[in-house]
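Notes to accompany the following structure.
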Number of protein chains: 2
Amino acid sequence: MVPVTPAETATADEGVKPLRADAQRNYDKLVAAAREVFAERGAEGSLDEIAKRAGVGPGTLYRHFPTRDDLIDALMRDWSARVLADSEAAVEADLPARETLERWFTDLIKHLTLHRGAAAKLSAAFDDPSSPIYRKCQMLADANERVVGHLTDTHELRDNIESRQVMRLVSGIATVADASGISTEEAAPMLGIVIDGILRDSATS
Amino acid sequence: MVPVTPAETATADEGVKPLRADAQRNYDKLVAAAREVFAERGAEGSLDEIAKRAGVGPGTLYRHFPTRDDLIDALMRDWSARVLADSEAAVEADLPARETLERWFTDLIKHLTLHRGAAAKLSAAFDDPSSPIYRKCQMLADANERVVGHLTDTHELRDNIESRQVMRLVSGIATVADASGISTEEAAPMLGIVIDGILRDSATS
DNA sequence: CGACTATACGGAGGATGTCTCCGGTTAGCA
DNA sequence: TGCTAACCGGAGACATCCTCCGTATAGTCG
């Protein structure tokens, strides 16, 4: 089990005391248990269950993670890096605009549906700076801006397309797909409409 | 307080016994209380609180409405009629395609965000025939099909646009707008993208 | 009108989940 | 080895969902 400290999460790495050995152990066990439970039961899985499965009291869980979102935030550590990588890959592949978008949006939805209920949580936190996962939303928005911005620079998108709105739109698709249990492939037609809606010269089918 | 019986909800009106007078009274009080609580606290408001506010025991609530969605269904009685009317009005206004869609989508979002959390519930029930509000989703889908189908008939949309997908897409926008607390006006750019994505000759801005 | 019965009421209480408080424990250090 | 700040853990207060069943009453029939 790779030790993962809160320090790694913090933006400014200064001033964050290292955890005591036992605290670090429990922290890691909690994150692992949370990953399990959220995978099984979705983002609304029981927190006491997570504590129990980590072999730890509820108090310990709440000390490390005051809110549910703090816990979700913690288990999205490496997630950010993957999102970033995918957005860069999409730009660098240098495919035609349509394919770039198809690829990136598919990735985006994959990341948004990390587990059941995740898409809804991310969507909700998108405009709420006080949310513990707000930072993750910004990551997503930045990654999306990288791809959309690139296509804007090459004049392949209509004028006045804001990446923020595109981000919201795709979040919406992910949320609906997640909530109604339809697969990523089944969501493709919706992505197609959005792509047609932002591409400049989108040949009338 | 206008008496509203479950009979009015049922599709087939045969075989539904009329309620006893006291039962009818409680039914109405529960619907009124639910309307209040859902308006205040959203679709996740406490059911016990609704019972209490109706001056009725929890048992009575659960007898009339086995699930939360049955209750939500009940207080959307006249809602269906309004949705229907708006879709017909949109078609009959006979405006240019873009304006027709702008108008209809705005109405649609208004109906989907009946109260906080409603959009998410409707989105989730869209593909779940066992849900008590599935029927309401079909209403919505039919109304949307009326508008989108009309524009398809007049060849104003791209080929292969399925009204079902459009419906999902707009539900997604409504869900995100609701969850992140952005207003209907702020959602307009997203609707614009969708409209551009389905209109045949959508001039590149 | 009085009695009978199907129907409906209501609230006590079990099950589950969230979150806190504080007496007891232990890691790290001198 | 002993001290202390940091940490643990679980009892329990509180909220919410939902059920069960003894009690009450509306509607009906003689």
Side-chain angles (χ1 to χ4, degrees), chain A residues 3-7 15-34 36-38 40-74 115-117 121 130-132, chain B residues 3-7 15-34 36-38 40-74 115-117 121 130-132:
Chain A
V4 173
T5 70
V16 237
K17 266 191 214 169
L19 289 177
R20 225 172 68 172
D22 52 348
Q24 178 69 62
R25 259 195 313 275
N26 284 333
Y27 184 99
D28 291 339
K29 282 193 287 183
L30 280 167
V31 170
E36 268 185 40
V37 171
F38 287 155
E40 288 170 20
R41 312 223 207 273
E44 301 305 325
S46 160
L47 295 182
D48 275 17
E49 165 73 19
I50 291 173
K52 189 176 299 176
R53 216 180 274 205
V56 138
T60 302
L61 189 158
Y62 287 97
R63 192 167 341 96
H64 282 297
F65 309 103
T67 74
R68 171 178 237 103
D69 282 2
D70 284 307
L71 183 50
I72 291 179
D73 178 74
H115 49 244
R116 223 162 355 103
K121 277 211 168 295
S130 72
S131 166
Chain B
V4 173
T5 70
V16 237
K17 270 192 213 167
L19 288 177
R20 224 172 70 173
D22 53 347
Q24 177 69 62
R25 257 194 317 274
N26 284 332
Y27 184 100
D28 291 339
K29 282 193 288 185
L30 280 167
V31 170
E36 268 185 41
V37 172
F38 287 155
E40 288 171 19
R41 313 223 207 272
E44 302 305 325
S46 160
L47 296 182
D48 277 14
E49 164 74 18
I50 290 172
K52 188 176 298 178
R53 217 180 275 206
V56 139
T60 301
L61 188 158
Y62 287 98
R63 192 169 338 97
H64 283 296
F65 309 103
T67 73
R68 178 183 293 272
D69 282 2
D70 284 306
L71 184 51
I72 291 179
D73 178 74
H115 49 243
R116 221 162 358 104
K121 279 214 165 295
S130 73
S131 166

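Residue numbers begin at 1 in each chain, while the letters A, B, ... track the order of the sequences.
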Quick check: on DNA chain C, is the nucleotide nearest Thr60(A) upstream (toward 5') of the one nearest Gly45(A), or the reverse? Name the residue that is more 5'.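 It is Gly45(A) whose nearest nucleotide is closer to the 5' end.
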If you compare all heavy atoms of Leu30(A) against all heavy atoms of Leu61(A), which two are closest, and at what distance to 0.1 Å?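 Reported closest heavy-atom pair: CD1-CA, 3.8 Å.
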Is any side-chain nitrogen or oxygen of [X] closer than 4.0 Å to OP1 or OP2 of [N]?
X: His64(B); N: dA8(C); value: no
X: Ser46(B); N: dC17(D); value: yes
X: Lys17(B); N: dT7(C); value: yes
X: Asn26(A); N: dC8(D); value: yes
X: Arg63(A); N: dC7(D); value: no

Rounded to the nearest angstrom, tell me the gap between atom [atom1] in [X] and atom [atom2] in [N].
X: Arg25(B); N: dG27(D); atom1: CZ; atom2: P; result: 8 Å
X: Phe65(B); N: dC18(D); atom1: CZ; atom2: C1'; result: 16 Å
X: Leu19(B); N: dA8(C); atom1: CG; atom2: C1'; result: 10 Å
X: Glu44(A); N: dT16(D); atom1: CD; atom2: C1'; result: 15 Å
X: Lys52(A); N: dG17(C); atom1: NZ; atom2: P; result: 9 Å
X: Tyr62(A); N: dC8(D); atom1: OH; atom2: P; result: 16 Å
X: Gln24(B); N: dA8(C); atom1: CD; atom2: P; result: 11 Å
X: Ile50(A); N: dG9(D); atom1: CD1; atom2: P; result: 16 Å

Give the nucleotide from the list dG10(D), dT18(C), dA27(C) with an atom nearest to the side chain of Pro58(A).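 Closest nucleotide to the Pro58(A) side chain: dG10(D).
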Which of the following nucleotides, dA26(D), dC19(C), dC8(D), is nearest to the side chain of Asp22(B)?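 The answer is dA26(D).
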Aromatic plane relationship, Tyr27(B) with His64(B) - under 30° parallel, 30 to 60° tilted, over 60° perpendicular: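 Rings of His64(B) and Tyr27(B): perpendicular, over 60°.
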For DNA chain D, whose closest nucleotide is more 5', that of Ala23(A) or that of Glu49(B)?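 So the residue in question is Ala23(A).
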Pick the closest DNA chain D nucleotide for Ala21(B) and for Leu47(B) by heavy atoms, then say which residue is nearer the 5' end.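 Checking each residue's closest nucleotide, the 5'-ward one belongs to Leu47(B).
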Inspect the surroundings of CZ in Arg41(A) and state if more than 12 heavy atoms from other residues, nucleotides or ligands are less than 6.0 Å away.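 It does not: Arg41(A) CZ has 12 such atoms or fewer within range.
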When only distance counts, do a donor and an acceptor, one from the side chain of Arg20(B) and one from the base of dA8(C), lie under 3.5 Å apart?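 Donor-acceptor pair under 3.5 Å: no.
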Is the side chain of Arg53(B) donor-acceptor paired with the backbone N or O of Ala34(B) at a distance under 3.5 Å, no angle test?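 Between the backbone of Ala34(B) and the side chain of Arg53(B) there is no qualifying donor-acceptor contact (under 3.5 Å).
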Donor-acceptor pair, distance only, cut-off 3.5 Å: does the side chain of Asp28(A) make one with the backbone of Arg25(A)?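 Checking the backbone N and O of Arg25(A) against the side chain of Asp28(A), no donor-acceptor pair under 3.5 Å is found.
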